[in-house]
Colleague: 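Below you will find the structure I want to go over with you.
Just so it is clear, the model here is predicted, and its values are computed rather than measured. In this chain, numbering begins with 1 at the start of the sequence shown.
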Amino acid sequence: MAEEHQHGQEMSDEDKKIMMEQNINITRNLSNIKYKIAVMSGKGGVGKSTVAVNLAQVFNAMGLKTALYDVDIHGPNVPKMLGIENESLNVKGNKLIPVETDDGILVASMAFLLENKGSPVIWRGPQKTGAIRQLISDVAWGNIDVMIFDNPPGTGDEPLTVLQMIPDLDAAVMVTTPSSVSEEDVIKCVGMTKLLKIDNIGLVENMSYFECPHCNEKINLFGDSKGKEFSEAMEVDYLGDLPFRTSVSESADEYDTPIVKSDPDSDAAKEFIKIAEEIQKRYMNKD
């Protein structure tokens with residue numbers, strides 16, 4: 001059966017050549033990355049990107065050369081969270097040079113390719129898939145100890161492309177909240193991941209509780225915390241829980257620095273470190 005391009009059109013010889021070269025570049029780039037971790041969620045608004053950027057910050061602080069790939073085509077937030085939203089990918093030869101944070105984390109995101117940050121990206125599936133493949137293929141990542149793929153929520157084209165493109169993914173980290181809606185959606189996300197034969201799946205429960213600044217009482221804003229029981233029911237690893245932080249949404253000035261860097265003594269920062277250590281212990285054990 002002939003290979004087909006989008007809309008059922010048969011691929012030209014030139015398209016086939018480009019695809020073959022891209023596959024070679026993807027394989028080469030991925031081979032230079034020791035550990036590959038996908039951060040995922042069943043629904044939006046659960047703090048998935050917050051988890052991704054803070055884990056990247058912790059791994060980097062551990063002395064691991066860290067990269068962060070913002071896979072979200074329609075709402076790329078990672079550059080804003082790291083305070084590098086005004087940067088762009090530079091071109092050197094036929095390669096794109098990733099943006100590097102002050103701490104040395106390498107970042108690629110669709111946000112760097114948009115002329116106007118407020119412009120919507122209105123693409124169908126094949127266009128999104130092509131863009132994701134191109135950033136993996138054309139970015140000069142170099143040798144990386146750990147790369148975190150921050151996927152958009154759900155089970156659509158973007159997370160599916162990442163999971164299929166990386167046959168040796170070391171782990172998928174699911175982010176949920178105590179709400180039943182979030183749990184129902186993450187079940188679907190876990191189901192998709194298992195269908196793709198990815199065995200290492202961990203769960204992080206975000207917004208698990210709110211600690212009152214006046215009395216220090218822990219309040220369950222979104223229902224009782226049951227992340228451990230939920231992970232056991234899905235037969236995935238429980239990695240830990242995170243408190244609800246009002247400072248994340250108070251101002252853009254506070255939003256552009258990961259909490260593990262801006263407030264390292266906070267409970268949230270300490271929990272992120274524990275979760276990163278748990279991920280390292282469970283999934284990052286290559287010689």
Colleague: Any donor-acceptor pair under 3.5 Å linking the side chain of D145 with the backbone of T66?
Modeller: no
Colleague: Please determine if E277 and K274 form a salt bridge, counting it only when a charged side-chain N lies under 4.0 Å from a carboxylate O.
Modeller: no
Colleague: Between M147 and I97, is there a shared hydrophobic cluster once you connect ILVMFWY residues whose side-chain heavy atoms come closer than 4.5 Å?
Modeller: no
Colleague: Drop me the distance from I187's CD1 to M174's CE, to the nearest 0.5 angstrom.
Modeller: 11.5 Å
Colleague: Evaluate the side-chain contact (heavy atoms from CB on, under 4.5 Å) criterion for residues D241 and V204: first the C-alpha distance (whole Å), next the side-chain angles of each, then the deciding distance (0.1 Å), finally the verdict.
Modeller: CA-CA 6 Å; D241 56 48; V204 173; over 6 Å; no
Colleague: Between Y69 and D150, does a side-chain contact (heavy atoms from CB on, under 4.5 Å) hold up when you go through it step by step?
Modeller: CA-CA 6 Å; Y69 180 8; D150 181 26; over 6 Å; no
Colleague: Using every non-hydrogen atom in the two residues, find where K34 and D170 come nearest and quote the distance to one decimal.
Modeller: O-OD2, 3.6 Å
Colleague: Determine whether a donor-acceptor pair (N or O, by modelled atom type, separation under 3.5 Å) exists between the side chain of N54 and the backbone of T50.
Modeller: yes
Colleague: Where do N151 and E158 land on the side chain to side chain donor-acceptor pair (under 3.5 Å) test, with the steps shown first?
Modeller: CA-CA 7 Å; N151 286 297; E158 298 98 314; over 6 Å; no
Colleague: Taking side chain as C-beta onward, heavy atoms only, is V53 less than 4.5 Å from V78?
Modeller: yes
Colleague: Quick one: does N32's side chain get under 4.5 Å of I144's, heavy atoms only?
Modeller: no
Colleague: I'd like to know if I24 and I136 are part of one continuous hydrophobic network [Ile/Leu/Val/Met/Phe/Trp/Tyr, side-chain heavy atoms within less than 4.5 Å].
Modeller: no
Colleague: Pair Q280, Y35 - check side-chain contact (heavy atoms from CB on, under 4.5 Å), show working.
Modeller: CA-CA 10 Å; Q280 187 179 42; Y35 299 107; over 6 Å; no
Colleague: Measure across L68 and W141 and return the closest heavy-atom pair with its distance rounded to 0.1 Å.
Modeller: O-CH2, 4.3 Å
Colleague: For D102, does the CG atom sit with more than 12 other heavy atoms under 6.0 Å from it, leaving out its own atoms?
Modeller: no
Colleague: Nearest heavy-atom pair of P258 and M81: which atoms, and what distance?
Modeller: CD-O, 3.8 Å
Colleague: If only atom types and distance count, is the side chain of K36 paired as donor or acceptor with the main-chain N or O of L30 below 3.5 Å?
Modeller: yes
Colleague: Is there side-chain contact between Q22 and N25, with at least one heavy-atom pair below 4.5 Å?
Modeller: no
Colleague: Between the side chain of S137 and the main-chain N/O of R133, is any donor-acceptor distance below 3.5 Å?
Modeller: no
Colleague: I'd like to check V99 versus L106 (side-chain heavy atoms, cut-off strictly below 4.5 Å). Are they in contact?
Modeller: no
Colleague: Is there a donor-acceptor pair under 3.5 Å between the side chain of Y283 and the backbone N or O of A172?
Modeller: no
Colleague: Could you give the distance from CG (L203) to OG (S231), rounded to the nearest 0.5 Å?
Modeller: 5.5 Å
Colleague: Measuring from I275:CD1 to N206:CG, what's the distance to the nearest 0.5 Å?
Modeller: 8.5 Å
Colleague: Between A56 and I105, which heavy-atom pair has the shortest distance, and what is it?
Modeller: O-CD1, 3.8 Å
Colleague: Rounded at 0.5 Å granularity, tell me how far CG in L239 sits from NZ in K228.
Modeller: 11.5 Å
Colleague: What's the verdict on side-chain contact (heavy atoms from CB on, under 4.5 Å) for I37 and V146, showing C-alpha distance, side-chain angles and the deciding distance?
Modeller: CA-CA 7 Å; I37 309 292; V146 55; 4.1 Å; yes
Colleague: Could you check if a side-chain atom of V260 sits within less than 4.5 angstrom of a side-chain atom of K270, using non-hydrogen atoms only?
Modeller: no
Colleague: Could you walk me through whether D103 and K261 satisfy the salt bridge (charged side-chain N to carboxylate O under 4.0 Å, His left out) test, starting with their C-alpha distance in whole Å, then the side-chain angles of each, then the deciding distance to 0.1 Å, before giving a yes or no?
Modeller: CA-CA 10 Å; D103 300 305; K261 184 177 179 181; 2.8 Å; yes
Colleague: If you compare all heavy atoms of L89 against all heavy atoms of A108, which two are closest, and at what distance to 0.1 Å?
Modeller: CD2-CA, 4.5 Å
Colleague: Consider only side-chain N and O atoms of N77 and S49, and report whether a donor and an acceptor are under 3.5 Å apart.
Modeller: no
Colleague: Using side-chain heavy atoms (C-beta onward) and a distance below 4.5 Å, is L163 in contact with M192?
Modeller: yes
Colleague: State, yes or no, whether a side-chain contact exists between L242 and F272 at a heavy-atom distance under 4.5 Å.
Modeller: yes
Colleague: So how far is it from I148 CD1 to Q57 CD, rounded to the nearest 0.5 Å?
Modeller: 10.0 Å
Colleague: If you compare all heavy atoms of I84 against all heavy atoms of F112, which two are closest, and at what distance to 0.1 Å?
Modeller: O-CE2, 3.4 Å
Colleague: In Å, rounded to the nearest 0.5 Å, how long is the span from NZ of K197 to CG of L169?
Modeller: 15.5 Å
Colleague: So V139 and K95, do their side chains get closer than 4.5 Å, heavy atoms only?
Modeller: no
